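For reference, the structure discussed in these notes is given below.
Side-chain atoms are counted along with the backbone in the values below, which use heavy atoms only and exclude waters and symmetry mates. Everything quoted here is computed from the prediction, not taken from an experiment.
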Amino acid sequence: MFENVVHLHKPTDPPAADTAPTVLTVVPDAPPTRPVPLWVRSGRAVKTAVTHERTRSAGRAAVRHGLYTFNGGRIVARRTWDGRTGSRYERMIRAAEAAGNLEVAEEWEERLQRFRTARHHRRIDLLHSPVDAAKGVAVGAGMSVGVLVALGIVMALNTGQAGDVITPLSAAIDFIALLIRIVQIVWGPAITIGPFLALLAVWSVGRKQHAAPQWALPANVRNGEGEPITPSIVVKALRDLGVPALARAIKEMGDAGASMLGPITIAGCGVEVDVTLPSGVSTNEVQNKRRKLAENLTRHEHEVFITIPQAARTVRLWVADSGALDEPISPSPLVTDETMTADYAKGRAPWGQDLRGDAAALSLYQRHLLITGLSNQGKTVALRSLALWLSLDRSVQFLVGDLKGVGDWAMFDGLATTLIQGPTDEHVIQVTEMVEGVVDEMNRRIQAPPGTTFPPLIVLVDEAQMAFMCPAKDEDKRPYGGSKANSRYFMAVRKIHNQGRAVNVLMWQGTQDPTNENLPKLVREGAHTRASLALGTESQARMALGDKAIDGGAAPNLLRPGLDRGTLVVASDGITIPAGQSSITVRTHYIDDDAATAITDRAKALRDGVTTLHAIDHRAEHNPLADIAAVIDDAPRVRTKDVLARLAARNAGAYGGWSFIDLKRVLDDAGAEPYKSDGVMVVARDRVARALANRDTEGSASVD
């Protein structure tokens, strides 16, 4: 530590008026400062200049363009060597032998023999070509001179000038002299410019092949933005995947792994290629490294899909164009085509597009449906779009339970025979009783005479996890929720899954975040069509789609929550899935509430009118004959088809599944038989009223 020294500055003469007063300063007794050596300052300046971004960019550019030229020359030389020799054929033979494909190896060996034979013939021809060329030149020159002389004779005879005989020959000689002069003028600059043009050509080849180190390439190339997928890029991505057996096999292949790849084909907004893995490498080793493979291909993880086709030891890679999956797809045909109708039995619902960009359409005929995913990923919209399409088939009946209760299904009021909306336990109880009523209807249909046809009946429950997790119990202490044998909602759904499809009674459910508690195993496995949006874990994905789909490459847990909203993975025989795959990824059309309301308005116009019930009371007694009279109202006669529709609207639990046979049985027993009018079966108001009056009279007499 240095001591402080006090310096007192005192002038010897009296200070003048404008002289500053005495100043007391404290100065640390520090060692004197020394100037920075010149070599240190020069080193700092050099370091600053070297580390400056412009200097580094210039250095990278110099290295890049120099290596473009050098490596471009190597590429051209290699291509020339391959074209002049049989090295390309030998590489393919070695690759086929390494893959164990002896037939392909023999085919390439035959091609090599044909190449060598053709090359031998060309070399033999070259030995005779100078003599043949000299003879050809002599003969050609003689013929040309003869022709020119003959032409000159004709000109001389025509003009009468003997000198015109050599005019054509003289003109030909002058033309040849002009060509020689042109060559003499151009030859010098061509010799000078030629090497530069050759360097430019090999530089262009190197630039197109990015023949330079990664750090020296431009930023957009280093980032891989828009980089096309080529065989060399795929092979390098597989080689650097971190699978030792795969990297070793690629290194030993004579063609550097090219024989592993099938054709790279355009598939929608990306490309697709099949990769036959070498012996010792399993498909799950590649599947488990999806993220690293995507990064090696300069893509994000969600832009690469790995599936397992039918061929053994093969993986199918689908690689999207950069950013293509973030672009919206076209609007739904349900919105753009106001004339569209539906056909439950033979049609397919336009659901969206697959990754190839082709239309993805789903058949709903006799298939129970389950859609699951995390909250706010588009589950309700995906489920609703299927119901909207099917509503355009006037024969289809809907019973809807919306346990979210925010109005997502409000447009089905006046279209569905039952619509229950709300998230409380009371709403769950109502939905459970609605489903149990459908079970009763299913049993009535099953007991009908063989050959009886029934209209499709769709019972749809959105946010079904609310029903499975409901703690409420009935008066007999039976729980509404849960997955035990006495759980009312669970058992009703199981019964529909077991027997409903045979009589066109189908169960559609949408649920969040699948677990064993909110989506029991027996229920999820009872669905014929299973679809999943983004999920959190692989275990949830297995619950949603099943082990077969996940083992085959389906990965809804790798979808990006929020960013991949509306994209789901589907496992179903009702949608076209590429051969060898167990699932397909679909980007669904988005139909907002306004468009959905417009579609349901069109669906309502196709029907005679539906009265929607918003509550279920299965305990209330009903009088079929009185209800028939009520729905006929003041009309003298009503078609039996319309009577059935009005009865279902009046009491879906009691009449939702009635057929003509049920209606005829009640009317025949009452003495009000339906009859045919203008070729159509109708029910007469007077007959029903008379039957009611007679029954009431008989009832009163018996009471008396």
Self-check item: Ser532 side, atom OG; Asn557 side, atom CG - distance, nearest 0.5 Å
Solution: 8.5 Å
Practice problem: Kindly give the heavy-atom pair with the smallest separation between Pro556 and Ile550, and that separation in Å. | Solution: CD-CD1, 4.0 Å
Quiz prompt | Side-chain donor/acceptor of Arg565 to backbone N/O of Asn376, under 3.5 Å | solution = yes
Quiz item: For Asp573, what residues pass the salt bridge (charged side-chain N to carboxylate O under 4.0 Å, His left out) criterion, not counting sequence neighbours?
Solution: Arg367
Quiz prompt | Pairwise distance CG(Asp125) to CG(Leu127) - rounded to 0.5 angstrom | solution = 8.5 Å
Self-check item: salt bridge (charged side-chain N to carboxylate O under 4.0 Å, His left out) against Arg111, all qualifying residues, sequence neighbours excluded
Solution: Glu107
Quiz item: Take atom CD in Glu338; do more than 12 heavy atoms of anything else shown fall under 6.0 Å from it?
Solution: no
Quiz item: Which residues satisfy the side-chain hydrogen bond (donor to acceptor under 3.5 Å, both in side chains) test with Glu538, sequence neighbours excluded?
Solution: Arg542
Quiz prompt | Sequence-distant partners of Asn284, side-chain hydrogen bond (donor to acceptor under 3.5 Å, both in side chains), two or more places apart | solution = Ser282
Self-check item: Partner residues of Phe70 under the ring pair (Phe, Tyr, Trp, His ring centres under 6.0 Å) criterion, sequence neighbours left out
Solution: none
Quiz item: Between atom CG of Leu199 and atom OG of Ser204, what is the distance when rounded to the nearest 0.5 Å?
Solution: 12.5 Å
Exercise. Just jot down the salt bridge (charged side-chain N to carboxylate O under 4.0 Å, His left out) partners of Asp321, sequence neighbours excluded, or say none.
Key: none
Practice problem: Give a yes or no answer on whether the side chain of Arg348 reaches the backbone of Gly574 with a donor-acceptor pair at less than 3.5 Å. | Solution: yes
Quiz item: How long is the span from the CG atom in Leu533 to the CG atom in Leu568, to the nearest 0.5 Å?
Solution: 4.5 Å
Self-check item: Thr314 (side chain) donor-acceptor with Ala312 (main chain) under 3.5 angstrom
Solution: yes
Quiz prompt | side chain to side chain contact (heavy atoms under 4.5 Å, CB included) against Thr336, all qualifying residues, sequence neighbours excluded | solution = Pro331, Pro333
Self-check item: Which residues share a side chain to side chain contact (heavy atoms under 4.5 Å, CB included) with Thr265, sequence neighbours left out
Solution: Pro263, Glu272
Quiz item: Just wondering, do Phe305 and Arg316 contact through their side chains at under 4.5 Å, heavy atoms?
Solution: no
Exercise. Working to the nearest 0.5 Å, report the span between CE of Met260 and OG1 of Thr276.
Key: 8.5 Å
Quiz item: Any idea which heavy atoms bring Val234 and Leu297 closest together, and the distance?
Solution: CA-CD2, 4.0 Å
Quiz prompt | Arg181 atom CZ, over 12 foreign heavy atoms within 6.0 Å | solution = no
Practice problem: Return the minimal non-hydrogen interatomic distance between Gly566 and Thr588, and the atom names on each side. | Solution: O-OG1, 2.6 Å
Self-check item: Val315 and Asp274, any side-chain heavy atoms less than 4.5 Å apart
Solution: no
Quiz item: What are the two closest non-hydrogen atoms of Leu246 and Leu238, and how far apart are they?
Solution: CD2-O, 3.4 Å
Quiz item: Can you name the closest pair of heavy atoms from Lys289 and Leu241 and give their distance?
Solution: CD-O, 3.1 Å
Practice problem: Mind checking the OG-CD1 spacing from Ser332 to Ile591? Nearest 0.5 Å is all I need. | Solution: 4.0 Å
Exercise. Under the side-chain hydrogen bond (donor to acceptor under 3.5 Å, both in side chains) rule, collect the residues that match up with Thr307, sequence neighbours excluded.
Key: Gln581
Quiz item: Within the side chain of Trp351, is there an N or O that forms a donor-acceptor pair under 3.5 Å with the backbone of Ala382?
Solution: yes
Quiz item: Taking everything shown except Glu301 itself, do over 12 heavy atoms lie less than 6.0 Å from its CD?
Solution: yes
Quiz item: Is there a donor-acceptor pair under 3.5 Å between the side chain of Glu303 and the backbone N or O of His300?
Solution: yes
Quiz item: For Val304, which of Leu558, Asn296, Val319 qualifies under side chain to side chain contact (heavy atoms under 4.5 Å, CB included)?
Solution: Val319
Exercise. Using modelled atom types only, decide if a donor and an acceptor are shared between the side chain of Trp318 and the backbone of Ala267 within a distance under 3.5 Å.
Key: yes
Quiz prompt | Among Val569, Val570, Asp354, side chain to side chain contact (heavy atoms under 4.5 Å, CB included) partner for Thr585 | solution = Val569
Self-check item: Under 3.5 Å donor-acceptor, His589 side chain and Ser330 backbone
Solution: yes
Practice problem: Taking all non-hydrogen atoms of both residues into account, name the closest pair between Trp389 and Gly347 and its distance. | Solution: CH2-C, 3.6 Å
Exercise. List in chain and number order the residues that pass side-chain hydrogen bond (donor to acceptor under 3.5 Å, both in side chains) with Arg116, two or more places apart in sequence or in another chain; answer none if no residue qualifies.
Key: Glu90
Quiz item: Less than 4.5 Å apart, any side-chain heavy atom of Ile577 and any of Ser582?
Solution: no
Exercise. May I ask you to test the Ser363-Lys346 pair for a side-chain heavy-atom distance under 4.5 Å?
Key: no
Quiz item: Counting only heavy atoms not in Ile166, do more than 12 sit closer than 6.0 Å to its CD1 atom?
Solution: no
Quiz item: How would you list, by chain and number, every residue that makes a side chain to side chain contact (heavy atoms under 4.5 Å, CB included) with Arg123, sequence neighbours excluded?
Solution: Arg119
Quiz item: Do Ser572 and Leu362 come close enough that some side-chain heavy atom pair is under 4.5 Å?
Solution: yes
Exercise. Quick one: list whatever passes side chain to side chain contact (heavy atoms under 4.5 Å, CB included) with Arg560, sequence neighbours left out.
Key: His302, Asp326, Leu563, Asp564
Practice problem: Report the C-alpha distance between Ile229 and Arg299 in whole Å, list the side-chain angles of each, state the deciding distance to 0.1 Å, and finish with yes or no for side-chain contact (heavy atoms from CB on, under 4.5 Å). | Solution: CA-CA 10 Å; Ile229 299 300; Arg299 295 296 191 273; 3.9 Å; yes
